[in-house]
Amino acid sequence: MVRFENVGMRYGLGPEVLRDISFSLERGALHLLTGPSGAGKTSLLKLIYLAERPSRGMISMFGRDTSALQRDELPALRRRIGVVFQDFRLLDHLTVLENVALPRRVMGETEAQYRADVEELLAWVGLGNRLNAKPPTLSGGEKQRVAIARAVVAKPELLLADEPTGNVDPDIGGRIMRLFIELNRLGTSVLIATHDQRIIERLAATKILKLSEGRLATTNQAAHQPEALRA
Amino acid sequence: MNMRVLAPTTDLMPPDSASGTTLHTIVAVMSFLACLTLGAVLTLSRMASEWTEGLSGSVTVQLLPSPQIGGEDQLAEALRITRVWPGIFAARPLSRSEAMGLLKPWLGEGDVLADLPVPQLVEVTLTPGKQVDLAGLGKALKDQVPGATLDDHQRWNRELASFAASSEAVGWAVLLLITLATLAIVIFATQAGLQAHREIVEVVHMIGARDVFIASEFQRHFMWLGLRGGVIGLALAIATLFASSLMWDSRDAPVGAQYLPQLVSAPWHYVWLLLVPAITGLIAMFTARITVLRVLGRMP
């Protein structure tokens with residue numbers, strides 16, 4: 001689904017923030033991307049969701065070499081990826097429902113086409129009674145769930161989450177991780193960037209990518225099963 | 001299911017965005033100036049054509065006192081020659097009070113008029129559509145009636161046409177400048193709006209929005225802004241024009257003011273003025289669209 005080969009990345013003329021990154025993400029799997037703050041996790045995610053271009057190396061997304069893509073081909077590719085941003089990045093002047101519906105709206109769907117799905121999804125993440133609330137009135141956990149709902153509303157093949165438990169308390173964090181496991185069960189590939197050791201220890205990911213100072217230090221198969229989180 | 005009707009096309013740009021009150025004010029001022037200028041251009045064009053048509057359809061015989069002929073004989077002779085001249089529809093002598101009336105705007109009302117040796121004037125109306133040998137008529141009058149001259153208004157015609165054409169050109173140039181200034185303002189405001197809402201643009205871009213989708217959000221926002229500003233400017237301009245026409249018509253107006261051109265002198269001019277907000281909206285819309293597409297083109 002996603003393949004990196006000797007990828008390097010720098011911002012402008014600065015030093016490389018990612019160096020010689022090679023890995024692949026399998027379809028339908030749950031992956032973790034770990035590493036300390038500043039290791040380059042967000043930069044790596046940006047490369048995957050096509051917000052940045054690599055300065056060297058090759059990235060293949062859904063079987064296509066991204067360097068060979070025309071600019072007008074990128075939106076279609078991005079729609080196959082859902083992103084939960086670290087800082088949520090909700091639009092404060094839109095309601096919860098409008099925020100979540102945004103990916104469907106940019107696909108050209110009308111409200112009649114997406115409204116029922118959005119309401120159902122919001123009920124599923126426990127926000128069925130907050131449809132018309134604006135993000136500034138939501139708690140951190142609620143914002144996080146809105147961001148997750150927005151990321152999955154268009155049924156992406158790959159879901160990326162950047163520190164999804166970083167802004168919420170452990171209880172909410174656990175619920176959010178269970179949400180990801182459930183989405184993964186339903187067929188979505190999931191890549192979660194986190195440096196939360198509890199999540200890493202408790203979550204059974206098929207692959208753990210560990211970043212350190214811009215390099216992919218290890219690639220481990222996870223040994224644990226996610227039973228603890230399901231309980 | 002909650003059946004509340006969601007505003008389905010809630011702007012992605014917040015309503016109180018960068019371009020809010022200040023830009024509305026600027027666009028309203030631009031629209032106001034454009035309306036006044038357009039009104040002036042239309043009126044100049046209409047007046048020039050009216051003057052030219054009015055003057056082309058008539059000529060004036062002027063009879064200055066002459067020692068060789070008495071006043072009544074002079075007038076009778078001039079009328080006789082004029083009325084039988086081919087292509088002349090009518091010849092009517094102006095009374096002294098009518099001649100005085102023509103001088104009033106310049107000299108005011110008072111005893112001074114009574115003492116003036118006002119020449120006798122004959123208003124000659126030409127038959128519409130017929131060629132008239134005015135040079136021949138002028139020569140016949142000059143030869144046969146001492147003190148008579150024919151004024152065919154050609155000098156006035158040429159001067160008026162030249163004045164109207166140059167004034168119109170200036171008006172169109174001002175309209176062009178206003179349009180360019182509006183374009184520049186909208187480009188600046190769009191870029192500022194993109195900068196102020198960079199995060200919104202980035203989020204929408206990253207979730208797979210095509211450039212034209214984002215551009216359409218901006219262009220809709222700016223189209224309404226242009227329309228609203230344009231309507232405010234139009235309303236102010238119409239109020240100004242209406243107030244000025246009242247002032248010109250009032251008894252308190254300065255001497256001669258009623259003879260000055262009113263900026264909008266025909267009802268259909270207001271229809272043209274209605275186009276100003278529409279054009280302002282369209283200019284804002286297309287400018288925003290082009291600006292946004294250019295900026296988005298630089299994003300990955």
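Convention: sequence-line order gives letters A, B, ...; per-chain numbering from 1.
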Select one option (side chain, backbone, both, neither) describing which atoms of A:Arg150 are under 4.5 Å from chain B's heavy atoms.
side chain
If one checks every heavy atom of A:Leu91 against chain B at 4.5 Å, the contacting part turns out to be side chain
Take atom [atom1] in [X]; do more than 12 heavy atoms of anything else shown fall under 6.0 Å from it?
X        : atom1 : result
A:Phe62  : CZ    : yes
A:Trp124 : CH2   : yes
A:Glu182 : CD    : yes
B:Phe188 : CZ    : no
A:Glu120 : CD    : no

Check: [Y] and [X] side chains under 4.5 Å, non-hydrogen atoms:
X        : Y        : result
B:Val204 : A:Val106 : yes
B:Ile200 : A:His93  : yes
A:Arg89  : B:Met206 : no
B:Ile207 : A:Arg104 : no

Ignoring hydrogens, what is the shortest heavy-atom contact between B:Pro300 and A:Ala51? Give both atom names and the distance.
CG-O, 3.0 Å
Part of residues 70-77 of chain A lying next to chain B, heavy-atom separation under 4.5 Å
A:Arg71, A:Asp72, A:Leu74, A:Pro75, A:Ala76
Value for CE (A:Met107) from CZ (B:Arg210), rounded to nearest 0.5 Å, stands at 10.5 Å
